[in-house]
Engineer: 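Below is the structure I would like to discuss, written out as structure tokens.
For reference, positions follow the sequence shown, starting with 1.
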Amino acid sequence: MALKVGILGLGTVGTGVAKMLLDTQGRHSLLNELEIAKVGVRSLKPRSVSLPDALYTTDLESITTDPDIDIVIEVMGGLEPARSLILQAIDHGKHIVTANKAVISRYGEEIYEAATAAGVYVMIEAAVGGGIPVITPLKQALSVNRIQAVMGIINGTTNYILTRMQTEGGDFDSILTDAQQLGYAEADPTADVDGLDAADKIAILGALAFGGRINRDDIYCEGIRNISAADITYAKNLGFVIKLLAIAKLPNEPDLNQNLNQNLNDIQVRVHPTLVPISHPLASVNGVNNAVLVEGDPIGQVMLYGPGAGEGPTASAVVSDLLQIAASPTQPEQTNPLLVCSHNHTLSIVPNAEVVTRLYVRLMVKDTSGVIGKLGTCFGNHNVSLESIVQIGIQNDLVELVVVTHEVPEGSFQKALAEIRQFPEVIEIPSLLHVL
Ligand code: NAP
Ligand code: HSE
């Protein structure tokens, strides 16, 4: 008997899903057992997909409470009413497929607890990495490894902007405006360019990789608005490209000289622009593409790469979740353990000051003798070991310096920098970036 599917939202993703379900030739045969029963939208306007008029409704609760519907696909976006409709559908015994990373990263605990109690699945492949299968591999094939790190480029908009800044040498503001005109960036780009979308996604990936919940508010998050064409050029000269990375990882083995009281079970979770060595696999991920690098024992490094957004890729991920449900037991008392969520504790996040990382800082200083030595001494006093200090150039009696550190506790670096800011020779510190 066919599984009846209700779709909440028929925008970019919903349209792609409907098209795939209406045209199953050449796809997995189990898709023929899925039938679109209702589609919930805000307004009954003409649509680009050919569905009978009778399937449309603006009453979304008539979908989440319909006893005939087995699976609800939530592709409407936003926090409310999406969260309430998901919970209502679960309460009515329906499996959920959603692409909504904002809801899952904030209300995952509430939603998964309700789903476990109701014996239904909540599937989220489309929430991270668009068309790239990354959730299912983390839950299944890769879960036999001890994961040490999951990191990646998981926001297509920012990667598109940074790639163009890299190749064209343009400024952030002008490329953002162009990206908006071309439809690559939204009219309100805040969630993308300020790193919030990537933080939602790394909360989800980190939870799967490390087997516990992540409090979304604990994630350090920095976007790309302050990245300048100058930094892109200097980074390039030093052998790096700048990428917005989302990182969830276990701390490195502590260096006894650093005297850190680290708990090796705590994880680092952060989103920030990062100087990535050009030889690193993530350095060549360009344009709107996404990539997720997983490092585990004993597998080593695996990189999953592909289109991170768009109608077709995201629909592929949603429909792959439908397929998994169609292939699994759907009775509450016998759910597939590889599909359900088993997290029952919240992971502890390493405070930012204790994160051990390499850093890049650009300074404008007065052209006076001994200034480089003074900077080096100050960093040394705080046990901040330097990899290089490079004098980039001289402008109007000011010297531009770029300092790259070895791996150091971020707190020690910040203390040194606070002192350096007070030096009379230091006129400006235009940028501070992390280095992979
Ligand atoms: P979209 O194009 O804006 O479509 C949203 C759809 O939901 C529209 O059909 C809209 O109805 C409907 N809707 C929204 N609020 C509603 C409400 N209160 N009542 C009734 N209907 C409502 O969004 P999208 O790009 O498809 O994204 C959907 C979800 O997928 C989001 O969570 C997004 O983060 C996620 N996602 C998107 C992509 C992507 O490439 N677009 C990739 C990965 C994940 P009307 O058509 O009547 O306005
Ligand atoms: N705004 C998101 C991005 C869409 O740019 O990656 C996919 O989640």
Engineer: Go through the steps to decide whether D231 and R362 satisfy the test salt bridge (charged side-chain N to carboxylate O under 4.0 Å, His left out), and finish with yes or no.
Structural biologist: CA-CA 8 Å; D231 286 315; R362 182 156 64 89; 2.8 Å; yes
Engineer: Decide if atom CZ of R27 counts as having more than 12 heavy atoms of other residues, nucleotides or ligands within a radius under 6.0 Å.
Structural biologist: yes
Engineer: Verify the ring-centre separation between F379 and F413: is it less than 6.0 angstrom?
Structural biologist: yes
Engineer: Between atom CD1 of I202 and atom NZ of K101, what is the distance when rounded to the nearest 0.5 Å?
Structural biologist: 14.0 Å
Engineer: So how far is it from L275 CG to L436 CG, rounded to the nearest 0.5 Å?
Structural biologist: 9.5 Å
Engineer: Just how far is it from atom CD1 of I7 to atom CG of L21, taken to the nearest 0.5 Å?
Structural biologist: 6.0 Å
Engineer: Does atom CZ of F172 have more than 12 heavy-atom neighbours from other groups under 6.0 Å away?
Structural biologist: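 Counting other residues, nucleotides and ligands, CZ of F172 exceeds 12 neighbours.
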Engineer: Check whether any side-chain N or O of K139 sits under 3.5 Å from a backbone N or O of L339 as a donor-acceptor pair, and report yes or no.
Structural biologist: yes
Engineer: With no hydrogens and no angle check, is any side-chain donor or acceptor of T274 less than 3.5 Å from a backbone partner on H272?
Structural biologist: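 A pair under 3.5 Å: yes.
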Engineer: Check whether any side-chain N or O of N155 sits under 3.5 Å from a backbone N or O of D197 as a donor-acceptor pair, and report yes or no.
Structural biologist: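 No; zero donor-acceptor contacts below 3.5 Å.
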Engineer: If you measure from OH on Y160 to CG on N286, what distance do you get to the nearest 0.5 Å?
Structural biologist: 12.5 Å
Engineer: Going from CE on M151 to CD on Q148, what distance comes out if it is rounded to the nearest 0.5 angstrom?
Structural biologist: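 Taking CE in M151 and CD in Q148, the distance rounds to 10.5 Å.
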Engineer: Using modelled atom types only, decide if a donor and an acceptor are shared between the side chain of T314 and the backbone of A126 within a distance under 3.5 Å.
Structural biologist: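 Side chain of T314 to backbone of A126, a donor-acceptor pair under 3.5 Å: no, none is there.
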Engineer: When rounded to the nearest 0.5 angstrom, what distance separates CD1 in I104 from CZ in R106?
Structural biologist: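 I104 CD1 to R106 CZ: 11.5 Å, rounded to 0.5 Å.
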Engineer: A side-chain contact here means heavy atoms from C-beta on lying under 4.5 Å apart; do R270 and H434 qualify?
Structural biologist: yes
Engineer: Does NZ or CZ of R83 fall inside the cone over Y107's six-membered ring, less than 6.0 Å from its centre and within 45° of the axis?
Structural biologist: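 Geometry flag: set, cation within 6.0 Å and 45°.
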